[in-house]
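Chain letters run A, B, ... following the sequence lines, proteins first and then strands; every chain starts at 1.
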Protein chains: 2
Amino acid sequence: MKRTTKGEALTSLVLETFRLNGTFLAAGNLLAEPFGLTSARWQVMGPIFEFNEPMTVAQIARRMGLARQGVQRIVNDLKKLEMINFLSNPDHKSAPLITISEAGRKTIIELNKAQAAWVNSLSEGLSENQIKQALKLMETVRKQLE
Amino acid sequence: MKRTTKGEALTSLVLETFRLNGTFLAAGNLLAEPFGLTSARWQVMGPIFEFNEPMTVAQIARRMGLARQGVQRIVNDLKKLEMINFLSNPDHKSAPLITISEAGRKTIIELNKAQAAWVNSLSEGLSENQIKQALKLMETVRKQLE
DNA sequence: AAATAATTGACAACATGTTGTCAATAGTGC
DNA sequence: GCACTATTGACAACATGTTGTCAATTATTT
């Protein structure tokens, strides 16, 4: 079985996705480092910050499309860093509800500002349409695989 | 600092890259599993297979944009699996030259066939131009960050 | 209500990457 | 040739993800 022209192009896109993932992770770590965070911790704090209802670890993991166990470890780290609070869950004795702490909220707001400056500058030479088209293609491909 | 419209779109693309990376890794593991390989091992075998000259671990790592040490571990695994051979390096006593083994060559050829079938099918609903435009944007963004 | 199934957090093992450090080796400049 | 520098592989520690397993808890079925 030989690759079609489209197959060749999509193969390049797969490899480029791996590289870009690494590059974005590194950039995220640089952005988050002054706040004592990492890309992974930042990403876990995202849903906790944005979704106003308190949520369990399992809910966060489902929302992020990651395994429950990996998110649990990050959440435990964030608890130690006092970025989040555990509330007792009336619906589930052993599954605490998680909310962002005041310190966590402030941190995320500051990080969002730094990320906005970063991403605005990064987007300067690009056209909005190009970005949106690329995003759309990536989403289409991903959904096809899920 | 607020995000521009382009900044918003590019932020979505960053998050989508993380998701797509996970999806592609999972797909690669599925493809490679029948051959006793993983996405990572497959990716390391790529340069060894394609680049005809024997190369050292450090060379492979540079070519892949990864840390020397991570590649070293995978290479050691591949040696145990007899997918690659170590040749003594006349230019560097303790840095063996690596070549693909016969078994490794056969495995990669079979994997390439399986990947071609996979990627051809995945690309069916997409336009060549769309894929190439997306790829181009991703490369532009990555190079800006390096 | 009792049995069964599903969810959840905790823990372990592992895969894949990172950085830091070290000794061996190779290359460079004087 | 000798001192300094850079590269390389090996090893350790760690970050981030995975899967598997377990007991506790919750939901469902009968």
Side-chain angles (χ1 to χ4, degrees), chain A residues 17-30 32-33 36-46 54-81 84 86-98, chain B residues 17-33 36-46 54-81 83-84 86-98:
Chain A
T17 301
F18 291 146
R19 288 190 213 104
L20 193 56
N21 180 73
T23 305
F24 280 155
L25 270 184
N29 281 327
L30 281 183
E33 197 261 327
L37 292 182
T38 62
S39 279
R41 291 173 184 177
W42 182 8
Q43 279 180 261
V44 170
M45 286 180 77
M55 57 206 306
T56 64
V57 166
Q59 282 175 313
I60 298 168
R62 273 194 300 270
R63 184 165 276 249
M64 297 183 68
L66 296 183
R68 209 173 69 251
Q69 293 87 332
V71 173
Q72 180 77 52
R73 195 176 37 69
I74 302 279
V75 160
N76 292 341
D77 294 346
L78 291 173
K79 180 70 168 64
K80 281 206 188 89
L81 292 170
I84 55 178
F86 284 9
L87 309 182
S88 66
N89 184 350
D91 291 338
H92 199 307
K93 245 181 239 181
S94 65
L97 291 169
I98 291 158
Chain B
T17 301
F18 292 146
R19 288 189 214 104
L20 193 56
N21 180 72
T23 305
F24 280 155
L25 270 184
N29 282 328
L30 281 183
L31 274 172
E33 197 262 326
L37 292 181
T38 62
S39 280
R41 290 173 184 176
W42 182 8
Q43 279 180 261
V44 170
M45 286 179 76
M55 56 206 307
T56 64
V57 166
Q59 282 175 313
I60 298 168
R62 274 195 299 271
R63 184 164 277 251
M64 297 183 69
L66 295 183
R68 210 171 70 253
Q69 293 87 332
V71 173
Q72 181 77 53
R73 195 176 37 70
I74 301 280
V75 160
N76 292 341
D77 293 345
L78 291 172
K79 180 71 167 63
K80 281 205 189 90
L81 292 170
M83 289 286 170
I84 55 178
F86 284 9
L87 309 180
S88 66
N89 183 352
D91 291 338
H92 200 307
K93 244 181 241 182
S94 65
L97 291 170
I98 291 158

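- Separation of atoms CZ (A:Arg19) and CG (B:Leu66) is listed at 10.5 Å; rounding is to 0.5 Å.
- Taking the side chain to side chain donor-acceptor pair (under 3.5 Å) definition, one finds that A:Arg41 meets it with nothing, sequence neighbours left out.
- Scanning for side chain to side chain contact (heavy atoms under 4.5 Å, CB included) contacts around B:Pro54 gives B:Leu87, B:Leu97, B:Thr99, with sequence neighbours left out.
- At a threshold of 4.0 angstrom between heavy atoms, the contacts of B:Leu66 are confined to the sugar-phosphate backbone, with no base atom among them.
- To the nearest 0.5 Å, atoms CD1 (A:Ile60) and CE (A:Met45) are separated by 10.5 Å.
- Considering only residues two or more places apart in sequence or on other chains, B:Ala27 meets the side chain to side chain contact (heavy atoms under 4.5 Å, CB included) condition with B:Trp118.
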Anything under 3.5 Å between a donor and an acceptor, one on a side chain of residues 73-81 of chain A, the other on a protein residue two or more places apart or in another chain? List them.
| from | atom 1 | to | atom 2 | distance (Å) |
| --- | --- | --- | --- | --- |
| A:Asn76 | OD1 | A:Gln72 | NE2 | 3.2 |
| A:Asn76 | ND2 | A:Gln72 | O | 3.4 |

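- Interface limits on DNA chain C: the 5'-most and 3'-most nucleotides within less than 4.0 Å of chain B heavy atoms are C:dT16 to C:dA26.
- Evaluation of the side chain to side chain contact (heavy atoms under 4.5 Å, CB included) rule for A:Leu25 yields A:Asn21, A:Ser39, A:Gln43, B:Phe18 as partners, not counting sequence neighbours.
- Every residue two or more places apart in sequence or in another chain that forms a side chain to side chain contact (heavy atoms under 4.5 Å, CB included) with A:Ala58 is listed here: A:Thr56, A:Arg62, A:Arg68.
- Between B:Arg68 and A:Ser39, it is B:Arg68 whose nearest contact on DNA chain D lies nearer the 5' terminus.
- Sorted by residue number, the members of residues 70-79 of chain A with any non-hydrogen atom under 4.0 Å from DNA chain D read A:Gly70, A:Arg73, A:Ile74.
- Five base pairs at each end of the helix from C:dA1-D:dT30 to C:dC30-D:dG1 define two local axes, and these are offset by 30° (rounded to 10°).
- Each of A:Gln43 and A:Gln69 has a nearest nucleotide on DNA chain D; the 5'-most of these lies closest to A:Gln43.
- Sorted by residue number, the members of residues 54-61 of chain A with any non-hydrogen atom under 4.0 Å from DNA chain C read A:Thr56, A:Val57, A:Ala58.
- Within the nucleic acid shown, B:Ala67 comes within 4.0 Å of at least one base atom, counting heavy atoms only.
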Identify the pairs formed between an N or O of the protein and an N or O of nucleotides 26-29 of chain D at a distance under 3.5 Å, and give each distance.
| from | atom 1 | to | atom 2 | distance (Å) |
| --- | --- | --- | --- | --- |
| D:dT26 | OP1 | A:Lys93 | N | 2.4 |

